[in-house]
Amino acid sequence: MLLEGKTALITGASSGIGETTAKRIATEGASVLVADVNEEGGRRVVDEITAAGGVATFLRVDVTDADQVDAMVAEVVAKWGRLDLAVNNAGLAEQPGAMHELALDAWNKTIGIDLTGTFLCMRAELRQFVSQGGGVIVNTASGAGLKATPNLTAYSAAKHGVVGLTRTAAIEYITQNIRVNAVAPGTILTPAMQNFGDEQLKEWSALMPTGRLGTTDEVAAGIVWLLSDQASYTTGTVLEIDGGYMQV
Ligand SMILES: NC(=O)c1ccc[n+]([C@@H]2O[C@H](COP(=O)([O-])OP(=O)(O)OC[C@H]3O[C@@H](n4cnc5c(N)ncnc54)[C@H](O)[C@@H]3O)[C@@H](O)[C@H]2O)c1
């Protein structure tokens with residue numbers, strides 16, 4: 001098992017990439033705190049992990065609320081003694097549309113959850129890591145954080161920001177036994193994406209060099225590897241998990 005005996009938290013773990021990753025973290029032997037604003041989904045994920053023999057607990061956390069984020073880290077430490085691994089994954093995108101028509105509210109919401117939320121989580125986790133002498137962070141960025149993404153202004157700006165936070169923290173804390181990396185998924189088949197319907201999914205698949213979308217398992221595998229000691233010499237990297245989409 002890659003993460004045996006470790007303690008972990010993951011935000012946005014009630015569905016999609018976060019759900020699959022939380023389950024995989026547990027399967028690899030870590031105790032995991034599932035954090036999300038979606039209580040029903042989070043409790044279901046915890047029940048499924050527990051039924052499969054893993055160790056998990058749910059906490060309702062809104063990543064835009066600094067007090068709730070600090071309490072999330074405190075909860076892991078109170079329960080399991082330390083925090084080894086953190087996945088900052090909660091995120092969403094605004095409704096697509098032209099930059100000159102983007103409402104300030106929509107901008108603020110996306111930046112608040114995807115960028116400020118990631119910063120607040122990293123700040124709380126880093127405080128704990130510095131005090132205990134180490135730890136590992138993986139942020140969920142996006143291909144939209146590495147290249148132009150027309151009609152997704154706030155999302156693209158936020159995810160470019162997540163890449164900046166990742167690289168900066170990696171170097172700032174490199175001598176303190178703290179690694180910080182990100183994944184940049186391409187278009188991944190999540191429940192939310194399935195709502196777009198078969199025709200739209202077919203269209204997106206045709207744009208991919210592989211001719212298909214990615215799966216949450218394929219993203220979770222990358223996140224778990226980055227969390228594990230197998231990635232001990234890897235920090236500040238943004239792992240593209242996109243079936244080659246960034247190259248075309
Ligand atoms: N699905 C894709 O194609 C894709 C591609 C690239 C990057 N991503 C990124 O992957 C991450 C997960 O996305 P997903 O596709 O699994 O979506 P998802 O909607 O299935 O999961 C996102 C989770 O975040 C939670 N969340 C939203 N706002 C929150 C808040 N303020 N505090 C705490 N939790 C909150 C939601 O309740 C949800 O459970 C996101 O950061 C997303 O930007 C997804």
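Start at 1 and go down the list; that is how both ligands and their atoms are numbered. Along the sequence shown, the residues carry numbers beginning at 1. Worth saying up front: this structure is predicted, and the values here are computed from it rather than measured.
Applying the salt bridge (Lys or Arg N to Asp or Glu O under 4.0 Å) rule to pairs touching residues 23-39 yields Glu19-Lys23, Lys23-Glu48, Arg24-Asp217, Glu39-Arg43, Glu39-Arg60, sequence neighbours excluded.
Under the rule for a salt bridge (charged side-chain N to carboxylate O under 4.0 Å, His left out), Asp62 has no partner lying at least two apart in sequence or in another chain.
The OG1 atom of Thr57 sits 5.5 Å away from atom CH2 of Trp80, with the distance rounded to the nearest 0.5 Å. To the nearest 0.5 Å, atoms CD (Glu125) and OH (Tyr173) are separated by 11.5 Å. Atom CG of Asp114 is separated from atom CD of Glu94 by 8.5 Å, given to the nearest 0.5 angstrom.
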Validation: residues 134-147 side-chain donor-acceptor distances under 3.5 Å, sequence neighbours left out:
unit_1 : atom_1 : unit_2 : atom_2 : d
Asn139 : OD1    : Asn88  : ND2    : 3.0
Asn139 : ND2    : Thr166 : OG1    : 3.0
Thr140 : OG1    : Asn89  : OD1    : 2.8
Ser142 : OG     : Ala144 : N      : 2.9

So what's ligand 1 close to, N/O to N/O, under 3.5 Å?
unit_1   : atom_1 : unit_2 : atom_2 : d
ligand 1 : 3 (O)  : Gly186 : O      : 3.4
ligand 1 : 3 (O)  : Ile188 : N      : 2.8
ligand 1 : 16 (O) : Ile17  : N      : 2.8
ligand 1 : 20 (O) : Ser15  : OG     : 2.5
ligand 1 : 21 (O) : Ser15  : OG     : 3.4
ligand 1 : 31 (N) : Asp62  : OD1    : 2.9
ligand 1 : 32 (N) : Val61  : O      : 3.4
ligand 1 : 32 (N) : Val63  : N      : 3.0
ligand 1 : 37 (O) : Asp36  : OD1    : 2.6
ligand 1 : 39 (O) : Asp36  : OD1    : 3.4
ligand 1 : 39 (O) : Asp36  : OD2    : 2.7
ligand 1 : 41 (O) : Asn89  : O      : 2.8
ligand 1 : 41 (O) : Lys159 : NZ     : 2.9
ligand 1 : 43 (O) : Tyr155 : OH     : 2.7
ligand 1 : 43 (O) : Lys159 : NZ     : 3.2

